[in-house]
Visitor: 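Sharing a structure here in structure tokens format.
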2 protein chains.
Amino acid sequence: MKFDSPPPEPLASAIGFLLAWNGQRIAYRFGEALRPLGLRRHHFGVLNLLDSRPGLTQQELVARSLIDASSMVGVLDELERLGLAERRPHPADRRKHAVHLTAAGRRKLAQARKVAVAVAEEILAPLGERERDELRVLLRKLAGLEADPAHGPR
Amino acid sequence: MKFDSPPPEPLASAIGFLLAWNGQRIAYRFGEALRPLGLRRHHFGVLNLLDSRPGLTQQELVARSLIDASSMVGVLDELERLGLAERRPHPADRRKHAVHLTAAGRRKLAQARKVAVAVAEEILAPLGERERDELRVLLRKLAGLEADPAHGPR
DNA sequence: TATTGTTATACTCTATAACTATA
DNA sequence: TATAGTTATAGAGTATAACAATA
């Protein structure tokens with residue numbers, strides 16, 4: 001349905017438009033692919049953050065994501081309801097919660113990552129290995145990140 | 001505020017994530033930059049379509065965009081209210097409307113394109129000319145488009 | 001006084017289905 | 001019967017402001 005046909009010229013010659021179109025396309029496809037797991041993209045982002053930095057507070061999660069504070073409450077509520085994360089008392093400040101993944105959360109994250117790889121594989125099909133490397137380098141630079149950290153995963 | 005700091009690792013090593021992040025970033029910035037003109041991104045897309053193919057019907061606009069039929073009604077209502085486009089009777093089928101830009105619509109489109117160029121320039125600042133060309137080629141291929149049509153505009 | 005998390009609320013965007021007028 | 005456009009409506013998703021507990 002959506003994003004099934006390439007974008008129309010002359011916009012398709014504009015690099016900014018191409019960036020937006022391709023980006024929204026993969027975001028959309030990933031969102032769809034995540035549905036069977038009972039997750040949305042925001043959940044995936046938070047699971048990743050918690051995996052690499054266990055015990056983050058909600059404010060810290062907000063600062064590291066595009067999710068605002070009030071929406072974060074809802075996202076964490078859902079992750080807790082699904083048994084994937086839990087709010088624990090913060091050792092030093094009773095106002096804060098230290099948020100951690102559960103074992104189920106780590107398993108679900110592993111599943112979701114497989115989905116992400118599959119979607120990327122589908123979307124990136126038109127590009128060869130060399131081209132994908134080029135693209136990653138360019139996109140990292142565009143995002144304000146330094147050069148590849150020793151050839152990351154996908 | 002939003003998209004002001006680079007995305008966190010390890011997601012930032014994933015090419016799919018980078019694509020989505022950069023794409024959403026430029027879409028967001030463009031949306032903000034368009035606000036002073038009284039337009040949103042959808043309006044810009046439709047203005048472009050009408051500029052290159054005057055007289056398209058609403059269904060044809062729907063088919064060439066990511067806007068569904070009922071939302072298209074609202075977009076065209078707004079464009080007409082702003083005096084930027086007009087629905088004319090279709091010569092061959094009284095059910096259809098042939099949608100055309102007005103002179104003001106063409107002027108507004110020219111302004112909006114300048115805004116688009118400025119935003120792209122800001123976002124693409126980290127890349128040199130050679131790198132931008134590489135990126136455009138890769139993104140066109142990714143979008144399922146054939147090779148560059150004789151070095152397009154931006 | 002300021003901050004953390006929360007709630008209530010409003011706002012935008014999009015999608016669905018039903019309706020009309022024409023074909 | 002089918003299609004083009006429209007309307008009404010509902011559903012996500014997100015943002016804003018006010019609040020309670022704690023610092």
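Given the structure is predicted, the values throughout are model-derived calculations rather than measurements. In what follows, every chain begins at residue 1, and chains take the letters A, B, ... in the order their sequences are listed.
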Visitor: Could you pull out all residues at least two apart from A/Ser71 that satisfy side-chain hydrogen bond (donor to acceptor under 3.5 Å, both in side chains)?
Guide: A/Asp68
Visitor: Please list all pairs passing the ring pair (Phe, Tyr, Trp, His ring centres under 6.0 Å) test where one or both residues lie in residues 90-122 of chain B, with sequence neighbours left out.
Guide: none
Visitor: Output the rounded distance in Å from CZ (A/Arg94) to P (D/dT22).
Guide: 5 Å
Visitor: Within residues 26-54 of chain B, find the residues that approach DNA chain D with a heavy atom at under 4.0 Å, and present them sorted by residue number.
Guide: none
Visitor: Name all residues meeting the salt bridge (charged side-chain N to carboxylate O under 4.0 Å, His left out) criterion together with B/Glu131; count only those two or more places apart in sequence or in a different chain, and write none if there are none.
Guide: A/Lys141
Visitor: Who passes salt bridge (charged side-chain N to carboxylate O under 4.0 Å, His left out) against A/Arg81, sequence neighbours left out?
Guide: none
Visitor: On DNA chain C, which is the earliest and which the latest nucleotide, 5' to 3', with an atom closer than 4.0 Å to a heavy atom of chain A?
Guide: C/dA2 to C/dA15
Visitor: List the atom pairs, with distances to 0.1 Å, where a side-chain N or O of residues 17-28 of chain A and a protein N or O form a donor-acceptor pair under 3.5 Å, not counting sequence neighbours.
Guide:
residue : atom : partner  : partner atom : Å
A/Asn22 : ND2  : A/Leu18  : O            : 2.9
A/Asn22 : ND2  : B/Leu139 : O            : 3.2
A/Arg25 : NH1  : A/Phe3   : O            : 3.1

Visitor: Restricting to side-chain hydrogen bond (donor to acceptor under 3.5 Å, both in side chains), what partner residues turn up for B/Arg95, sequence neighbours left out?
Guide: B/Asp93
Visitor: Only pairs at least two apart or in different chains count here, so list each ring pair (Phe, Tyr, Trp, His ring centres under 6.0 Å) that has a residue in residues 41-76 of chain B.
Guide: B/Phe30-B/Phe44
Visitor: Name all residues meeting the side-chain hydrogen bond (donor to acceptor under 3.5 Å, both in side chains) criterion together with A/Gln111; count only those two or more places apart in sequence or in a different chain, and write none if there are none.
Guide: none
Visitor: Using side-chain contact (heavy atoms from CB on, under 4.5 Å) as the criterion, list what pairs up with A/Glu122, not counting sequence neighbours.
Guide: A/Arg29
Visitor: Take a 6.0 Å sphere around CZ of B/Arg106 and say whether it holds more than 12 heavy atoms from other residues, nucleotides or ligands.
Guide: yes
Visitor: Can you pull every protein N or O that's under 3.5 Å from an N or O on nucleotides 5-10 of chain D?
Guide:
residue : atom : partner : partner atom : Å
D/dG5   : OP1  : B/Gln58 : N            : 3.2
D/dG5   : OP1  : B/His97 : N            : 3.0
D/dG5   : OP2  : B/Gln58 : N            : 3.3
D/dG5   : OP2  : B/Gln59 : N            : 2.7
D/dT6   : OP1  : B/Arg87 : NH1          : 3.2
D/dT6   : OP2  : B/Gln58 : OE1          : 2.7
D/dT6   : OP2  : B/Gln58 : NE2          : 2.7
D/dT6   : OP2  : B/Arg87 : NH1          : 2.7

